[in-house]
Structure formats: structure tokens, C-alpha cells
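In what follows, a structure is listed as C-alpha cells, so that the remarks can point back to it.
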Amino acid sequence: MSIEIRNISKTFGDFAALKDVSFKVEAGELVALLGPSGSGKTSLLRIIAGIEIPDENGGAILIHNEDTTAISFRDRRVGFVFQHYALFRHMTIFENVAFGLRVRPRRLRPSEKVIKEKVNELLKLVQLDWLGDRLPSQLSGGQRQRIALARALAVEPNVLLLDEPFGSLDAKVRKELRQWLRRFHDDLKITSVFVTHDQEEALEVADRVVLMNEGRIEQVGTPEEVYHHPANAFVYNFLGNVNLFHSRVEEGKVYLGELPIDLPAESAPDAKSALVFVRPHLLEIEHQRNGGDNFHAKVTHINAAGPLVKVDLVTDWGAPVHVELSHGRYSSLGLKREDEVYVRPKERRVFVKAETGDESRSQSTSSGRA
Amino acid sequence: MATDIANSGTLQGQPVAIGEPRWIRITSITVTLLFLGIFLFLPLIVVFTEAFKKGAEVYFESIREPDAVSAIRLTLIAAGMAVPLNLIFGIAAAWAIAKFEFPGKSFLITLIDLPFSVSPVISGLVYVLLFGLQGWLGPWLAEHDIKIIFAVPGIVLATIFVTFPFVARELIPLMQSQSIEEEEAARVLGAGGWQIFWRVTLPNIKWGLLYGVILCNARAMGEFGAVSVVSGHIRGMTNTLPLHAEILYNEYNSAAAFAVASLLTILTLVTIALKAAVDWKSQVEAREVRAIREQGLAEA
């Protein structure tokens, strides 16, 4: 079932957590709400669930094209998985999963036999049917996470909402569990929204990513779209490591040291400064100034442990630069500390700064020759 | 865990408590034991030896005579009303303070502590000034033939006042330390307010609640000052156990006085035992949880 978020705002005291947010999750989709902490993503998830009430400004949450504002939790049928699982610590795993069925009004409550079958079926689904008698404290983090999911699914929810589902797990378990969640979603086809601050997680698992910052949506798109066609500086900066250069604008060109870059045609012509972004793996290191589409820099540190070699440099005008090279390229260059080299951007993105100093929201990119 | 450290410590020939010389340890332990002996164990023994001084027959006679039975009954009534009422009040107050933000919250917390900071005699006097014959509501009460002061209702009111912080005080920090995530989870799963309270909140606070109830009960049965002011000491009518013991003692009937006092002492011992049991039980649970969590972390 689809979820439509329509003009939702939320203020806590003086703090505006959400500013007029709207987007739609299609039926059967797995959508990630991605953003730094304080961006409003968890508030939005809690509002969709009905735990938090949005400001009264005409906004609404529609599930399956039906306004949920006046619908009770019982009829709303939302599955919610809390960041810290919020399992009932004094109940066994079985009772935790059975809770949603047991608290139904008597005429809707399934018989003890049906509850038992249902719970066992769910525990099998999350591959933990052998843990029914344990208490939540006796489980590992990953196991608790899956029990929280089984408990949420027991009420046969129309939509599934997950708040930082892998946030409190260690790196290895995280990786396993997110692939598991993806397969799980593909099997169940239940409309799901999850919150994360980890861009890798969002890009890997989600069908679509909603990027949030300071209570607003910056971009909505598939992982490829947001990664390769970022709408603005925030999105580009947030999705992956990036070198950021504050540069001056002169006569329609941005200067990276001595290297001029054409300003995108659609950008504000009266801009005084711009931000230039280049991802570390899209920078090439050369010993000679071939052709001149590069700038001069000095190597300050080399870290060759890992799949890529990470080289730190500093430009003539004092800005730090991070470059990632393959081991093959690194050894053919024979780089050492203190080497004087030339750095050539294979691709760069320019975001013009508005006069106020804010990064302009209108997108403006230019790709150099690759 | 602690024994492991102790053992490994002795194996290496190192003293476990480093830094303090032996004589300081011995002195502090001796002082503590001496103090407890003089001020706690000695009186305890005295109470029982005095009570049985004239033989078991006199002992059982003095707690079976009508005035004593009436005092026992009144004490049970006062505690029987004060404890449930303060249980409800305590949960409601702790819930409000721990889970909601509202103006005047810190004032309410101060107010809850009031009976701890006010002398019980003063609180008794306040009730006399309010409900007594010369008090504010006195004439109106007399007109309608309602007796509060020098009667059972006054004793119950004074007992409730003196004991109302116990449950609330025990629960507030406990409930503040627990997030409301479990309640939220129950709500999303479709549970109603009462279901959330009975199935989620109450089981999570049960040990603290029980602890508060035990302390509240002990104080309700043992309260002297406030009850003494409002009771009027009418034998067989408005005497609670502590008041009855005092009257007997003032009449130089020390065997009977100590017999009645021994009942209160037994109550104290039972309270201490229950308290210890609750402490032990909740600590065992907490330790189990911790041990399992550590084990889980070690495996991970």
C-alpha cells in the first residue's frame, strides 16, 4: 500500500524539525530516509507511524490514499521497528511477538492455537524459532533486531517503518542484516520506509532514497540518480567522500588555483564565489604539467593499507586534497612524501554560491573530460 | 566476578584493598559493629526480654486483651487504607513526573517531599486546625455530625499524609531512567492505555513499587507523632499500636507495653526481611541481564 506524505511540518518548541515535507512512497517500495542527525528523518518516520503528531497546517499522511490522521493505531496497522528495538524486556520472545495479537479486542483476538501458529511462523520467517522461550536480554543485537521485526509483522501491517534498523549493530552484522532485509523485502513486498544516516546502507538497500537536511527534502531518486546526478552541493557532499574547494569566480570562470573551470550556463552570472567538488577517486596524479588542465600540489601523507592507496596533498594555496589511487597506478608513479606533483580532476562539479553565502539550491554541474 | 578478582589477587600475594593499612580496616569494622550492636541489636533484645519478663502467659494476655486487639485493628485499618491510596497516588504522580512535561513540575516534586521535611507533629496539628472543633471546617463538620479529629478518619488522614512520599519517591527515578520506547511500541501494536499499563509499565516497575509499598506500610503502622496529635488517645477507640504501647508504658505496665512493642518490632523485622528479599531478587535479575549481555558482547 502506498504512503503519501503531504505538506508535513513539525516544530518542537522553537525548533522546526520538518518544514513542509511532501513525497510519495509507491506500493511495495523500499525507501530510505537518508540524512545527517537532526535532519528530521526520524521525526518524519514517527509522524508516519502516528507516534508523533504533525503541526496543524493542513498536512496529512495518506496510507493507501486514505487520510490516517483520525485513524487509531489499531486500524492504522503500521509495523514499527524501533532503533533500540524496544522489546518488552520482561516478556519471552514468544510473548513479545504475540503481543500485537493478544491486545486485540476480544472479538478480533485469535484463539490461543492460532496465536501460537502465527508466532511460530513469524519466528521461522526471521530464522529464530528456537529462541521463543528466551528473554530479550539473552539475545544478541542482531537477533533482537529480527525479533523486533517479527513482532512488528505480527499485526499484518500495511506498511513497515524501521528507525535506524542497523544503527546499534557492529559493522559485520550490519552488512549481513541489510542484505537479509533486502531479500526479506523482496519476498514480502510490503511497503517499507527506513531511516538511516549511513549513505552506503541507503544506496545499497533502498529502491529509492529520500535525502533530508535541516527538515527539508533535498532530493528524491533511485540510488543511481542521487549518486550520479546530485541535485545540489549537500547531496553530492553527503553521498561519499569528497574534496571541497571554496573558489573565486572571475569573468564567468571558477578558478581552482590557476586552473580555470567553465561555469555552468544556467548558473547565476553575478556569483562571486563557487564550491567545486571532486571525489577522491576522480583525481589523477601526474608528474608533468601535460596540457595544463591540472594544479600543482605537494604530497603530505600516503596510506597504502587497503584496497586503494590514499594520498593526502596540499595545494599551493593551502587547501588539503585527498586522492585515491589504484595500487598499480601508485607503484608506476613511485610516489613518496614531499613529492611535487600535478593533480588533474577527471570530473568536477561546481555549485555556485549565492550572494548570501548559502549554497544555491539550483543545480549546476559541469563534467570535465573523463 | 568479585571472588575471581579476590582469588587472583591473593594468588599473586597482593593485598586486595590496596592503600589502607590493616589497622584502619579493623578499626572501621569494629566501630561499625559496636555502633550497630549498641543502637540496634541491644534494644531489639531488650524489647523481647522485657516483653517475656513475666512469662509467656502475661505476654499473650497483653496482646489479646480488648484494648490491644482494638489497637491492632485500628493500625491495620489505617495502614490498609493509606497504603493502597498512596500506591495509586504514587504511581500517578511518578507517571506524570517521569513521562510528561508540564509547568509546575519541580514544584510538584517538592510538594511530594513535604511530609519528609515537616515534623509529623506539625502535620497532625494542621489537621486539628482544619477539622478540629475550633478549626476552619470544625463548625460545619459538627453541624453535620461528622467526626474527624479524635476519631478514626483523622488517624487515617494523618497516616496517609505522612506516608504519601514513599511510593512516589521510589518510582520517580526508576521511571525517569526508563525510556518510553516500550510503551510506544505497545501503542503502535494496538494496545490501549490500560493494556499498556498492565502489560508493559507495571511489570517494568514492579520491584521498585513493591519496595515503596513495604516502606510505606512500615511507616503507616509505626507512625506516632502525627497520629498522636489527632487521635485523642481514647482507649479501645482511637489508639493505634504505637500509641497503645506508650500509654501502657506511662502506666508502668512495662511487660504489656513491651509485648505490644514486640509486635511492632516483629513488623520491622518482617519489613527488613522483605526489603532484603526484594533487593536481592531485583539485583539477581539485573545481574543476569548484565551477565548475558556481556557474554553476548564477548561472542560478538
Side-chain angles (χ1 to χ4, degrees), chain A residues 12-13 45-46 48-52 72-91 95-105 108-109 134-144 148 151-157 159-161 163 169-173, chain B residues 1 91 98-103 105 171 174-211 278 280-300:
Chain A
F12 296 102
L45 195 77
R46 288 167 67 89
I48 299 173
I51 301 169
E52 215 83 67
S72 74
F73 280 105
R74 202 164 270 155
D75 302 322
R76 193 180 282 219
R77 297 253 293 267
V78 163
F80 198 99
V81 178
F82 288 81
Q83 182 178 3
H84 302 290
Y85 325 126
L87 295 178
F88 305 124
R89 73 196 104 130
H90 62 279
M91 289 184 208
E95 286 303 322
N96 262 281
V97 179
F99 186 87
L101 302 172
R102 287 204 199 284
V103 295
R104 283 189 184 169
L108 297 175
R109 199 180 305 159
R134 305 270 185 97
L135 285 171
S137 53
Q138 293 168 303
L139 267 57
S140 72
Q143 289 170 337
R144 276 183 235 174
R151 182 179 69 175
L153 290 172
V155 292
E156 290 169 9
V159 297
L160 187 61
L161 308 172
D163 186 7
L169 301 169
D170 59 72
K172 192 156 171 284
V173 182
Chain B
M1 187 79 179
I91 293 173
K99 315 268 173 177
F100 303 113
E101 287 301 326
F102 54 90
K105 188 162 143 174
L171 288 187
L174 183 67
M175 287 174 102
Q176 275 174 336
S177 73
Q178 295 175 352
S179 75
I180 56 167
E181 268 204 339
E182 282 186 45
E183 277 88 357
E184 281 177 351
R187 204 146 59 95
V188 176
L189 288 167
W194 277 112
Q195 287 175 318
I196 294 175
F197 178 75
W198 285 109
R199 289 167 179 264
V200 178
T201 308
L202 199 59
N204 281 341
I205 59 169
K206 62 181 176 205
W207 294 120
L209 190 65
L210 197 56
Y211 199 89
V278 168
W280 176 77
K281 184 80 181 125
S282 59
Q283 262 174 27
V284 164
E285 272 185 18
R287 200 177 315 136
E288 274 171 8
V289 169
R290 231 181 1 251
I292 290 154
R293 192 167 300 155
E294 274 161 16
Q295 191 190 337
L297 285 178
E299 278 168 16

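Heavy atoms only: backbone and side chains are in, while hydrogens, waters and symmetry mates are out. Chain identifiers are assigned alphabetically (A, B, ...) following the order of the sequence lines, protein sequences preceding nucleic acid strands; residue numbering begins at 1 within each chain.
Here NE2 of His84(A) is found 6.0 Å from CD of Glu181(B). Values are rounded to the nearest 0.5 Å. For the atom pair CD of Glu183(B) and CD1 of Ile51(A), the computed distance is 12.0 Å after rounding to the nearest 0.5 Å. One distance of note links CZ of Arg104(A) with CG of Leu189(B); it measures 10.5 Å at 0.5 Å rounding. Within the model, atoms CZ of Arg199(B) and CD of Glu95(A) stand 8.5 Å from one another, a figure rounded to the nearest 0.5 Å.
In this structure, no portion of Glu101(B) lies under 4.5 Å from any heavy atom of chain A. Contact annotation for Leu135(A): neither backbone nor side-chain heavy atoms come within less than 4.5 Å of a heavy atom of chain B. If you measure heavy-atom distances from Arg77(A) to chain B, you find no contacts under 4.5 Å at all. Residue Arg46(A) touches chain B through its side chain alone, counting heavy-atom pairs closer than 4.5 Å.
Ranked by heavy-atom pairs shorter than 4.5 Å toward chain B, the options Phe80(A), Phe88(A), Tyr85(A) are led by Phe88(A).
The ring-ring contact (aromatic ring centres under 6.0 Å, His included) search around Tyr211(B) returns none, not counting sequence neighbours.
The shortest heavy-atom contact between Ala86(A) and Ala185(B) is O-CB, 3.9 Å.
A donor-acceptor contact shorter than 3.5 Å links the side chain of Gln195(B) to the backbone of Val103(A).
Atom NZ of Lys281(B) has 12 or fewer neighbouring heavy atoms from other residues, nucleotides or ligands inside a 6.0 Å radius.
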